[in-house]
There are 2 protein chains.
Amino acid sequence: MTQREFAIKGIATDAIKCVSEYEGLSVEYIMEQLILGTVCIPANINHKSMSYRGIGKGLKTKINANIGTSSDYPNIDEELAKLEVAIKSGADAVMDLSTGGDLTKIRERLLAKCRVPFGTVPIYEVAVNALEKYGAIVKMKVDDIFEVIEKQGEQGVDFITVHVGVTRSSIERLKKQKRIADIVSRGGSFLTAWILHNDRENPLYENYDRLLEIAKKYDMTLSLGDGMRPGALADATDRCQIEELITLGELTKTALDNGVQVMVEGPGHVPIDQIETNIKIQKSLCQGAPFYVLGPLVTDVAPGYDHITSAIGGAIAGMYGADFLCYVTPAEHLGLPTLEDVKEGVIASKIAAHAADIAKGVKGSLDWDIKMAKARKALDWKQQIELSVDPEKSSKIYNSRKSSEEQGCSMCGKYCAMKIVSEYLDVEVNKC
Amino acid sequence: MTQREFAIKGIATDAIKCVSEYEGLSVEYIMEQLILGTVCIPANINHKSMSYRGIGKGLKTKINANIGTSSDYPNIDEELAKLEVAIKSGADAVMDLSTGGDLTKIRERLLAKCRVPFGTVPIYEVAVNALEKYGAIVKMKVDDIFEVIEKQGEQGVDFITVHVGVTRSSIERLKKQKRIADIVSRGGSFLTAWILHNDRENPLYENYDRLLEIAKKYDMTLSLGDGMRPGALADATDRCQIEELITLGELTKTALDNGVQVMVEGPGHVPIDQIETNIKIQKSLCQGAPFYVLGPLVTDVAPGYDHITSAIGGAIAGMYGADFLCYVTPAEHLGLPTLEDVKEGVIASKIAAHAADIAKGVKGSLDWDIKMAKARKALDWKQQIELSVDPEKSSKIYNSRKSSEEQGCSMCGKYCAMKIVSEYLDVEVNKC
């Protein structure tokens, strides 16, 4: 049974209890939202020793870190190191997007070390195999797709991205739209190519019942991918994006009706003033299902700094109700991220999620900031560093440019506002 | 005469013409806004060979970089290098906040090299002198303040922060408020200490006419500082902040009535969901005067990453109408920024300003993104790097992890969505 089915039956599982405790919300609330489909708990029955995380309405905004080999960098050890640094820096979930090396083996080793929900995009493995076996991605067989999904379910993958909304109809709309960047989703491009080359419907869409069956068997949460997500600001919130979202909304309902846990993926490259609309239309079309956004990136012009462009978009998206933010690293649009890129990406995303949680009033989220503000007021540097999102970095900066003043920092030296105010104002305040 | 007075007289100065050309807006529009006081052009008559920049309604969102020595780091050469890197990275204005070394000399040398509007906070120099001369900041004399302002005007400073809203009344409200972080503005703390110690009203408020006279003489734009700006999320948008803003609104009107150019400064530390309100209340209380915000920072917990917390806040503030963003560097709350910190701060702020400009529909701002999107679609890496906000960094990342594939990058290698889509979809689209 899936976590959703347990909730429907009124059974509070360990996963439900863990999520309730982690969020500081009642078990009843979590079960209620699972039943409504507004919260999911990605937890494959075969993924052992994991910290359960819920994603969705009323819960803390979660963040995901993408790792994985590429054909140019098939080194598994580097990805294992990225897994560690991602979790240590605060990732709530990790996706393995490997496309280089022995994919089954890589996944097995990453899963064994992954203490948070673990996701994949199975169509990558199918495509890699097809290129090797048949010489072309477009020659992959329908059975190949479901065999890979079944195998990944058995291995313990907690959630999978499936581009079920890339259909003949959305491709037609795409053609009429005449976008600048067309399709930038890798999985979306594989399926589009397959559909066009074979003149057939998307096998994941056409055989959705088969997909649901496997998802249910292992309690793999489906993450309905947006193959039509805009890859340029000028393409955002267009007809083909929304056409696909309508389909994803329908398939969300079907999944829920079958007891399968589901979330929906969203853009992408979006101008700031369109973010609110993007969140609200997803919530409306997908009956409140958890929304998993990639960024969004609020400008196209900042490769090297896309952890920042996506932190801006993610914070705003989170405020309006996005539940799960996929990080973006400084290497996005340029190359495979390094270990340092992964860390920077996770922290930028974590900042966005936390800022969003304060804005959306998630229980207890402001407490951290209040503690920090009190430590600042007290000029307690030890505590300021301990409380910071990255104590290692803040300590390094503070100590490398330390002030000769006992209490201040080298920015203000002896002209520290905190010190001056304590000397004059606080005396008066205490008199009151 | 000030630029505002020229506009009122119907004279299109060089500065007005330059701003019109830079913005791609008519001379008439710029003059109209100068008359309304919704645009200012900080341009001291004694600051030679400068690129004029307008700040305000309908214009591109501008960004400022703070540099300057501290008592711990009084090295002028380092600050000269920061000036260069700030301008090269895209700063539209630079403020010299020096408090260490020979301040007059430092200012002179920075001004000579500064090709963009140059700002200061004169009360810093007054405080530094008072500590040296009288042994305490609170012993500074009223005449000392105006003498320093006069000298800076003569030197060619284009805009000065004056904390005219720190009054006995706002201090009373502050005491009643019982904030966590009280006052974090350095100039605000100096004046608060002075007011409390001497039991007298703020000399800049009490002698505002004297301030206006000097400002008018050199066409120094007044930047009405918010000494009461919140320094913690929990203190944001409180009664004492808004009390001060009301005063700043009144003094904005008085400045405009006297032909003086003026802008208003804003917070600070603000939760995302309060940013819109902060912008709208400033525009309303200060009759649309240009709004110059510091950040805002959307969480207190990220020292080491406050260029990101403030890029999030700045982008949102800009979208709602903030006109001028003061950058924040990764070193904020920890120490004086290094050269690298200055660069990172400027670029994060530039990203925020650009994203805001797209959202608020500033003329031509999306063009840059469209060019980038087209370069991506064409897999034209040379152009992608040239078009990026920091070609040096994007080139470094791209080249350090180059793909073996001719056209792709090492993220996707041979599984490049752009390439696959071009092969299958574009053929179809071209058939249409």
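Letters A, B, ... are given to chains in the order of the sequence lines, protein chains preceding strands, and every chain is numbered from 1.
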Which answer fits A:Ile195, side chain, backbone, both or neither, if we ask what part of it has an atom under 4.5 Å from a heavy atom of chain B? neither

Where on B:Ala356 is there a heavy atom nearer than 4.5 Å to chain A: the side chain, the backbone, both, or neither? backbone

Has A:Lys374 got more than 12 heavy atoms of other residues, nucleotides or ligands less than 6.0 Å from its NZ? no

Tell me, for A:Asp72 versus chain B, whether the close heavy atoms (under 4.5 Å) come from the side chain, the backbone, both or neither. side chain

Can you tell me how far apart CD1 (B:Ile397) and NE2 (A:His333) are? Round to the nearest 0.5 Å. 12.0 Å

Out of A:Cys416, A:Ser404, A:Ala232, return the one with the most heavy atom pairs under 4.5 angstrom to chain B. A:Ser404

Chain A contact via B:Tyr415 - which portion, at a heavy-atom distance below 4.5 Å: both

Chain A interface, residue from B:Thr192, B:Thr338, B:Thr309, B:Ile171 that has the most non-hydrogen pairs under 4.5 Å: B:Thr338

Evaluate the criterion side chain to side chain contact (heavy atoms under 4.5 Å, CB included) for residue pair A:Val301 and B:Leu387; output intermediate values, then yes/no. CA-CA 7 Å; A:Val301 303; B:Leu387 282 168; over 6 Å; no

Which one, B:Gly314, B:Gly188, B:Ala181, B:Ala348, leads in non-hydrogen pairs under 4.5 Å with chain A? B:Ala181

Give the C-alpha distance, both sets of side-chain angles, the deciding distance and a yes or no for side chain to side chain contact (heavy atoms under 4.5 Å, CB included) between B:His269 and A:Asp369. CA-CA 10 Å; B:His269 292 234; A:Asp369 297 70; over 6 Å; no

Please check if the number of heavy atoms outside A:Lys371 that lie under 6.0 Å from its NZ is greater than 12. no

So what's closer than 4.5 Å to chain A heavy atoms on B:Ser71: side chain, backbone, both or neither? side chain

Structural part of A:Ile137 lying under 4.5 Å from a heavy atom of chain B: side chain

I'd like to know which of B:Asp341, B:Ile385, B:Asn399, B:Ile351 tops the heavy-atom pair count under 4.5 Å against chain A. B:Ile351

Atom CD of residue position A:Glu386 - does it have more than 12 heavy atoms of other residues, nucleotides or ligands inside 6.0 Å? yes

Highest number of heavy-atom pairs under 4.5 Å with chain B: which of A:Gly304, A:Gly100, A:Gly335, A:Ala331? A:Gly335

Side-chain donor or acceptor of B:Ser189 paired with backbone N/O of A:Ile420 under 3.5 Å: no

Of the listed B:Ile272, B:Val298, B:Thr299, B:Val389, the one with the largest count of heavy-atom pairs under 4.5 Å with chain A is B:Ile272

Could you check which of A:Tyr305, A:Trp368, A:Tyr124 has the highest count of heavy-atom pairs closer than 4.5 Å to chain B? A:Tyr305

Do you know which of A:Ile183, A:Asp235, A:Asp273, A:Asp300 has the most heavy-atom pairs with chain B at a distance under 4.5 angstrom? A:Asp300

Tell me, side chain or backbone of A:Ser185 under 4.5 Å from chain B's heavy atoms, or both, or neither? backbone

Is B:Leu131 in contact with chain A via its backbone, its side chain, both, or neither, using a 4.5 Å heavy-atom distance? side chain

Taking side chain as everything from C-beta outward and backbone as N, CA, C, O, which of these in A:Lys402 sits under 4.5 Å from a heavy atom of chain B? Side chain, backbone, both or neither. backbone

Just give me the residue among B:Ala373, B:Ser394, B:Ser70 that pairs up with chain A most often, heavy atom to heavy atom, under 4.5 Å. B:Ser394

Heavy-atom contact with chain B under 4.5 Å, split by part of A:Ala378: neither

For B:Asn198, the side-chain hydrogen bond (donor to acceptor under 3.5 Å, both in side chains) test, sequence neighbours excluded, returns none

Winner by heavy-atom pair count (cut-off under 4.5 Å) against chain B, out of A:Met372, A:Lys377, A:Arg376, A:Gln384: A:Arg376

Could you look at A:Arg186 and say if it's the side chain, the backbone, both or neither that has a heavy atom under 4.5 Å from chain B? both

Keeping B:Ser388 on the side-chain end and A:Ala302 on the backbone end, is there a donor-acceptor pair under 3.5 Å? no

Whatever's closer than 4.5 Å to a heavy atom in chain B on A:Ser422 counts as neither

Engaged part of B:Met411 at the chain A interface, taking heavy atoms whose separation is under 4.5 Å: both

Between A:Glu78 and B:Arg401 (salt bridge meaning N to carboxylate O under 4.0 Å), is one present in this structure? yes

Proximity breakdown for A:His307 and chain B, heavy-atom pairs closer than 4.5 Å: side chain

From the list B:Gly187, B:Ala355, B:Ser395, the residue making the most non-hydrogen contacts under 4.5 Å with chain A is B:Ala355

Flag the one option from A:Pro337, A:Ala352, A:Ser400, A:Ala375 with the top tally of heavy-atom pairs under 4.5 Å to chain B. A:Pro337

To the closest 0.5 Å, what do you measure between CZ (B:Arg179) and CG (A:Leu425)? 10.5 Å

